[in-house]
Amino acid sequence: MEENMMLTTVEDTVEYHLFLIPDESKDPGKHREILEKYIERIMTQFAPMLAPYIWQNQPFNLRYKPGKGGVPAHMYGMTKFGDNIEDEWFIVYLIKEITKEFPELVARIEDNDGEFLLIEAADFLPKWLDPDNSANRVFFHHGELCIIPVPRKSETVSWLPTTPPTIPQALNIISTHPEKVLASESIRAAVNRRIRGYPEKIQASLHRAHCFLPAGIAVVLKQRPRLVAAAVQAFYLRDPIDLRACRVFKTFLPETQIMTSVTFTKCLYAQLIQQRFVPDRRSGYRLPPPSHPQYRAHELGMKLAHGFEILCSKCSPHFSNSKKSLVTTSPLWASFLESLKKNDYFKGLIEGSAQYRERLEMAKNYFQLSVDRPESSLAMSPGEEILTMLQTVTFDIEELKKEDANLPPEDDDQWLELSPDQLDQLLQKAAGTKESQPISKKEEEQNYELTQVTDSMKAFISKVSTHKGAELPREPSEAPITFDADSFLNYFDKILGPKAQESDSDDLDEEDFEYLDSDDDLDLKMQEPGEEASLKGTLDDLKSYMAQMDQELAHTSMGKSFTTKKQMDPSSKTTSNNSDEEDSGAGDSVMAPVDVDLNLVSNILESYSSQAGLAGPVSNLLQSMGVQLPDNSDHRATSKPVKVESTNAEPMDTESHTGPCSTTKGGIRTVW
């Protein structure tokens, strides 16, 4: 449906739409003029953040999009963020701040995965919200995330449509009922946690490194720092045809290399440093031995030089910059420059100074890319832009070499390596779990309570499971507490039938209701008399099946595979522990119940130990419930049994690695 504005499948791409409310202008020409004025104001106000930003692929941009198919005219942008997911979340922060600075604007944002904001807050979404009915419901307004609800079946709300709203309907609902469409605190917190730290986070995402580069590249990067992204991508995604241009360098000769400082994003630096590459002997690029103190700088410079040479090789041999439009000739440039001065973009720098010219050049580049984007036939490719700069900029190699002694220090790249503990912290942070105080391994093992495992598994089993998957237990502080008396009684009648007092006492134990989630939307209707009889018959059939299964299992050895609670005579507790024969004789007449907790813990520990420190079903399931078992400290090849004991059962050994973990609680003592 065209009105739903579903994003076409473009990998690693984010789209954003900004609507003006109230949309009272009937004249399309006047409305376009208003929206274009907003684009200029937005891009000018956020220029201090956007101008120096290094994008992975494409920058943040806005343009006018005319109305079509029931969707009103609005401001629109699309950015391909590639491998750097931080570009996408920086755009989310920008959209949030734009709607905060301009309250009359409503924005929506989505990527090739759809409503990725809902994916980020998936653990806190209401149960009625799913991909089938989420179209045109998620917006930013006044800097806050809004979700347009659906009316409940038991109520009728005049301003809420029963089907997914159209864009005009959604804009009208948000403008008239802004407080009723505000997303819940937990959903907003999940999204805000992902964009926390901006704009200071921009500097933290950069990495400065020394590179031994041809002088021409050093000059280009000094005026166009963003071109480092295009060069890294060209090298990272090279093919044999691209490398043909690097057999003999024509643009960036190795004889002109100098030492300079280059600013990367951490994503670009990781892509460049992690690839192994040996240059062609004919290229003239030679690397020093790995033990050389500047080996890393030579390697980075060689790779960047290949990327820049590949970019330039893709330009037409008859390339001429005469057809390319100049920034200063655009009718919007004068007003844009004046707006930058009013917003203190130049930070009081003296006009004509080196820093002033550097910021001015950055503003021109930003204006050309994001504000006054030319048609694709006139837009410069990165290679054409590089060649144009080399033709217009003059430089002295000897003067550039003198700057080697004054280079700023490199950044430490230890962030490329993560310890297992750091990885666990990142995963916990991404999952939104509370960060605990760091404790030693020994304290963790001594204080660990295995009852967390049994309690979590019981809570997980009690959750509702459908063809869409199973729900994970929520923290008590996160789970909303609601109780629908009618739904509860309907559920009770559905199970027991109309005459609950005639049911057997063991039909439904108290435990059946102990874990009944109060926040489950059962949505059960009153049953007809015929349906009640059918349900009663189904329940009787289920009892019959269970009885037949018990009879079949009674003649097998299946029961011996479980640890049971031995029902011992109180007087026997004073006798010696070597009374196995007496116990076996007494046990024949009485069926001992299975110790569920003991069997559960034993099997979990055995399965966890067999993972040998790697990811597996037990660790994945427990971590998703917020439970982490301590690491096995015994990494020897030999293994010793795990000794699991119960206060009312015989010791049981299971094959596993030994470890110092020990706990006694709830009738279970485990030495691990």
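We're numbering straight along the sequence, starting at 1.
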I'd like to know whether Phe19 forms a side-chain contact (heavy atoms from CB on, under 4.5 Å) with Leu105, so could you lay out the CA-CA distance, the side-chain angles of the two residues, the decisive distance to 0.1 Å, and finally the verdict.
CA-CA 6 Å; Phe19 301 91; Leu105 296 181; over 6 Å; no
Answer yes or no: is there a donor N or O on one side and an acceptor on the other, between the side chain of Asn61 and the main chain of Met78, under 3.5 Å?
yes
Test side-chain contact (heavy atoms from CB on, under 4.5 Å) on Phe140 and Val106; report intermediate values, then the result.
CA-CA 6 Å; Phe140 274 110; Val106 174; over 6 Å; no
Got Arg41 and Phe46 here, is their nearest side-chain heavy-atom distance under 4.5 Å?
no
How would you list, by chain and number, every residue that makes a side-chain contact (heavy atoms from CB on, under 4.5 Å) with Gln414, sequence neighbours excluded?
Asp412, Glu417
Has the side chain of Glu410 got a donor or acceptor atom that lies under 3.5 Å from a matching backbone atom of His210?
yes
So the ring-ring contact (aromatic ring centres under 6.0 Å, His included) pairs with at least one residue in residues 181-201 (sequence neighbours excluded) are Phe90-Tyr198, Tyr93-Tyr198
Spell out, as yes or no, whether a donor-acceptor pair under 3.5 Å connects the side chain of Arg238 to the backbone of Phe235.
yes
Is it the case that the side chain of Lys303 and the backbone of Gln275 share a donor-acceptor pair, with hydrogens and angles ignored and the cut-off at 3.5 Å?
yes
Which pair of heavy atoms, one from Ala47 and one from Pro52, lies closest together, and at what distance?
O-CD, 4.0 Å
Arg226 with Glu385: basic N within carboxylate O range, under 4.0 Å:
yes
For a 4.5 angstrom cut-off between non-hydrogen side-chain atoms, does Thr79 reach Pro59?
no
With sequence neighbours left out, the residues meeting salt bridge (charged side-chain N to carboxylate O under 4.0 Å, His left out) with Glu115 are Arg108
Spell out, as yes or no, whether a donor-acceptor pair under 3.5 Å connects the side chain of Arg137 to the backbone of Ile147.
no
Looking at Glu33 and Lys30, is any side-chain nitrogen of the basic one under 4.0 Å from a carboxylate oxygen of the acidic one?
no
Within 6.0 Å of CD1 in Ile350, more than 12 heavy atoms from elsewhere
no
Residues passing the ring-ring contact (aromatic ring centres under 6.0 Å, His included) test with Tyr236, sequence neighbours excluded, are none
I'd like to know if Asp12 and Lys80 make a salt bridge, using a cut-off of under 4.0 Å between side-chain N and carboxylate O.
no
Partner residues of Arg196 under the salt bridge (charged side-chain N to carboxylate O under 4.0 Å, His left out) criterion, sequence neighbours left out:
none
Sub-3.5 Å donor-acceptor pair from the side chain of Asp87 to the main-chain atoms of Gln56, do we have one?
yes
Sub-4.5 Å side-chain heavy-atom contact between Tyr269 and Asp411:
no
State which residue, out of Leu171, Val71, Ile167, fulfils the side chain to side chain contact (heavy atoms under 4.5 Å, CB included) condition with Asn136.
Ile167
Test your reading of the model: is there a side-chain donor-acceptor pair from Glu97 to the backbone of Leu94, 3.5 Å cut-off?
no
Between Arg188 and Glu144, is the closest basic N to carboxylate O distance under 4.0 Å?
yes
Counting distance only, does the side-chain N/O of His74 pair as donor-acceptor with the main-chain N or O of Pro72 below 3.5 Å?
yes
Asn84 side chain near Thr265 side chain, heavy-atom distance below 4.5 Å:
yes
Check the pair Leu337, Tyr345 against side-chain contact (heavy atoms from CB on, under 4.5 Å), reporting the backbone distance first and the verdict last.
CA-CA 9 Å; Leu337 181 59; Tyr345 170 76; over 6 Å; no
For Phe81, which residues count as a ring-ring contact (aromatic ring centres under 6.0 Å, His included) partner, sequence neighbours excluded?
none
Okay, side chain of Asp130, backbone of Asn133: is any donor-acceptor separation there less than 3.5 Å?
yes
Contacts of Tyr16 that satisfy ring-ring contact (aromatic ring centres under 6.0 Å, His included) - sequence neighbours left out:
Phe60
Can you give me the closest heavy-atom contact between His141 and Cys146, atom names plus distance?
CB-SG, 4.0 Å
Does Lys100 NZ have over 12 foreign heavy atoms under 6.0 Å away?
no
Kindly write out the residues that satisfy salt bridge (charged side-chain N to carboxylate O under 4.0 Å, His left out) with Lys266, not counting sequence neighbours, or none if the list is empty.
none
Output all residues satisfying side-chain contact (heavy atoms from CB on, under 4.5 Å) with Glu200, sequence neighbours left out; order by chain, then residue number.
none
If you compare all heavy atoms of Pro382 against all heavy atoms of Leu227, which two are closest, and at what distance to 0.1 Å?
CB-CD2, 4.2 Å
Residue set satisfying salt bridge (charged side-chain N to carboxylate O under 4.0 Å, His left out) with Arg32, at least two apart, ordered chain then number -> Glu36
Taking all heavy atoms of Pro164 and all of Ala135, pick out the closest pair and write down the distance.
CB-O, 4.0 Å
Side chains of Lys222 and Glu358: closer than 4.5 Å at any heavy-atom pair?
no
What pair of heavy atoms forms the shortest contact from Ala234 to Ile310, and how long is it?
O-CD1, 3.9 Å
Would the His207 and Phe264 ring centres measure less than 6.0 Å apart?
no
Between Val262 and Arg208, does a side-chain contact (heavy atoms from CB on, under 4.5 Å) hold up when you go through it step by step?
CA-CA 6 Å; Val262 179; Arg208 295 164 186 83; over 6 Å; no
Short question: side chain of Ser353, backbone of Leu349 - any donor-acceptor pair under 3.5 Å?
no
Residues which pass ring-ring contact (aromatic ring centres under 6.0 Å, His included) with Trp89, listed by chain and number, not counting sequence neighbours
Phe116
Below 4.5 Å, heavy atoms only, C-beta onward: do His17 and Met75 meet side chain to side chain?
no
By side-chain contact (heavy atoms from CB on, under 4.5 Å) - contacts of Gln422 (at least two apart):
Leu418, Ser419
Compare all side-chain heavy atoms of Thr263 with those of Val228 and state whether any distance is below 4.5 angstrom.
no
Of all heavy-atom pairs linking Pro131 and Ser134, the shortest is O-OG, 3.5 Å
